[in-house]
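What follows is a single structure, written as structure tokens, with notes after it.
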Amino acid sequence: MAVSGNVEDNPGLGADEFTVKNILRQLSGVTDWKLLGIELNIALAKLNDIAHDCNNKVNDCRISMVDFWVHSDTTACWKKLANALERIFQNVKAKEVRELERKEEVFGGMISLGVVTGPPTSMDTSRDSHEPPTTSPHSTDQTALPSIRDVVHAVVSK
């Protein structure tokens, strides 16, 4: 069965969140999906099944492979994807993925340190569209988001 369209659609997630949709954005242009799947430790038999089910259509195969990997590998992450991309000589893509990995580490670290209570899910439309919201909708006391100084201090002192 071929997978098409939006495999995973959650508008509350940022572009750096580890989701099938965002992974597929990063893999745009990567045509050797089977070799990437092998580097992600997906069994060749499973990759052959994906190829058969998708009639060897590269885009559909890539979507199905990524969907399978994310949902079957409990340790799937940006770092594993970047390493696999490097092993198949997709160094530019690997570098882009590593940037997402760094963003996720910083943001995840801020959440675990209590600096940020969670990603905002909506914007205050009464404010200038170039300014970030001043409160997090996930915070029960609606405290202001941390300043850049607080964020840097939290990350550096981690």
Side-chain angles (χ1 to χ4, degrees), residues 3-48 50-51 54 56-123 129-133 136-139 145-158:
V3 180
S4 61
N6 291 335
V7 176
E8 187 172 314
D9 190 17
N10 186 342
L13 296 175
D16 57 342
E17 294 287 331
F18 190 76
T19 64
V20 171
K21 185 177 180 178
N22 289 334
I23 294 166
L24 289 169
R25 280 187 187 131
Q26 293 304 310
L27 296 179
S28 173
V30 176
T31 58
D32 203 345
W33 65 271
K34 193 179 267 190
L35 186 56
L36 179 60
I38 289 168
E39 291 299 330
L40 293 170
N41 294 317
I42 299 173
L44 185 57
K46 178 61 182 174
L47 295 170
N48 288 335
I50 289 171
C54 296
N56 286 316
K57 293 181 181 173
V58 172
N59 195 46
D60 290 345
C61 290
R62 183 176 49 236
I63 292 169
S64 293
M65 183 272 296
V66 168
D67 187 59
F68 175 80
W69 177 59
V70 168
H71 292 99
S72 65
D73 183 346
T74 58
T75 63
C77 62
W78 289 123
K79 183 176 184 175
K80 279 188 169 185
L81 180 60
N83 290 341
L85 286 166
E86 285 174 347
R87 288 191 299 270
I88 65 167
F89 307 105
Q90 291 283 337
N91 296 326
V92 172
K93 291 288 184 185
K95 183 178 179 183
E96 293 170 3
V97 168
R98 291 213 187 279
E99 284 300 313
L100 292 175
E101 176 189 1
R102 279 191 274 284
K103 286 180 185 177
E104 188 174 70
E105 285 175 359
V106 168
F107 188 72
M110 291 183 331
I111 291 173
S112 68
L113 290 169
V115 175
V116 174
T117 57
T121 57
S122 64
M123 296 292 288
S129 63
H130 297 291
E131 294 180 344
S136 169
H138 299 288
S139 174
L145 287 174
S147 69
I148 280 290
R149 181 189 307 165
D150 293 338
V151 171
V152 170
H153 176 71
V155 171
V156 170
S157 63
K158 184 176 175 184

Worksheet, complete the sentence: d(K79 NZ, F18 CZ) to nearest 0.5 Å is 13.5 Å
Worksheet item: Does the side chain of R98 come within less than 4.5 Å of N83's, by heavy atoms?
Response: yes
Worksheet item: Is the shortest heavy-atom distance from the side chain of N22 to the side chain of W78 under 4.5 Å?
Response: yes
Practice prompt. Rounded to the nearest 0.5 Å, what's the gap from CG on D32 to CG on L27? Could you check?
Written response: 12.0 Å
Worksheet item: Under the side chain to side chain contact (heavy atoms under 4.5 Å, CB included) test, which residues partner Q90, sequence neighbours left out?
Response: V30, L85, I88, K93
Worksheet entry | Inter-residue atom distance N59.CG - I63.CD1, 0.5 Å rounding | 4.5 Å
Worksheet item: If you measure from CD1 on I23 to OG on S28, what distance do you get to the nearest 0.5 Å?
Response: 14.0 Å
Practice prompt. Check A51 against C61 and note the closest heavy-atom contact, atom names and distance.
Written response: CA-SG, 3.8 Å
Practice prompt. Mind checking side chain to side chain contact (heavy atoms under 4.5 Å, CB included) for D73 and listing every partner two or more places apart, or none if nothing turns up?
Written response: W69, T75, A76, K80
Worksheet item: Heavy atoms, side chains only, cut-off 4.5 Å: are H71 and V20 in contact?
Response: yes
Worksheet item: Could you give the distance from CZ (R62) to OG1 (T31), rounded to the nearest 0.5 Å?
Response: 7.5 Å
Worksheet item: Can you find a heavy atom in the side chain of K95 that is under 4.5 Å from one in the side chain of N91?
Response: no
Fill in: Heavy-atom side-chain contact between E96 and E99 under 4.5 Å
no
Fill in: Salt-bridge contact E39-K34 (side-chain N to carboxylate O under 4.0 Å)
no
Practice prompt. Determine the minimum heavy-atom distance between G37 and M65, stating which atoms define it.
Written response: CA-SD, 3.8 Å
Worksheet entry | pair W33-V66: side-chain heavy atoms closer than 4.5 Å | no
Fill in: Considering all heavy atoms, the nearest A94-A82 contact
CB-O, 3.5 Å
Practice prompt. Measure across I50 and S64 and return the closest heavy-atom pair with its distance rounded to 0.1 Å.
Written response: CG2-CB, 3.7 Å
Worksheet, complete the sentence: Rounding to 0.5 Å, atoms CG (L36) and CG (L81) come to a distance of 6.0 Å
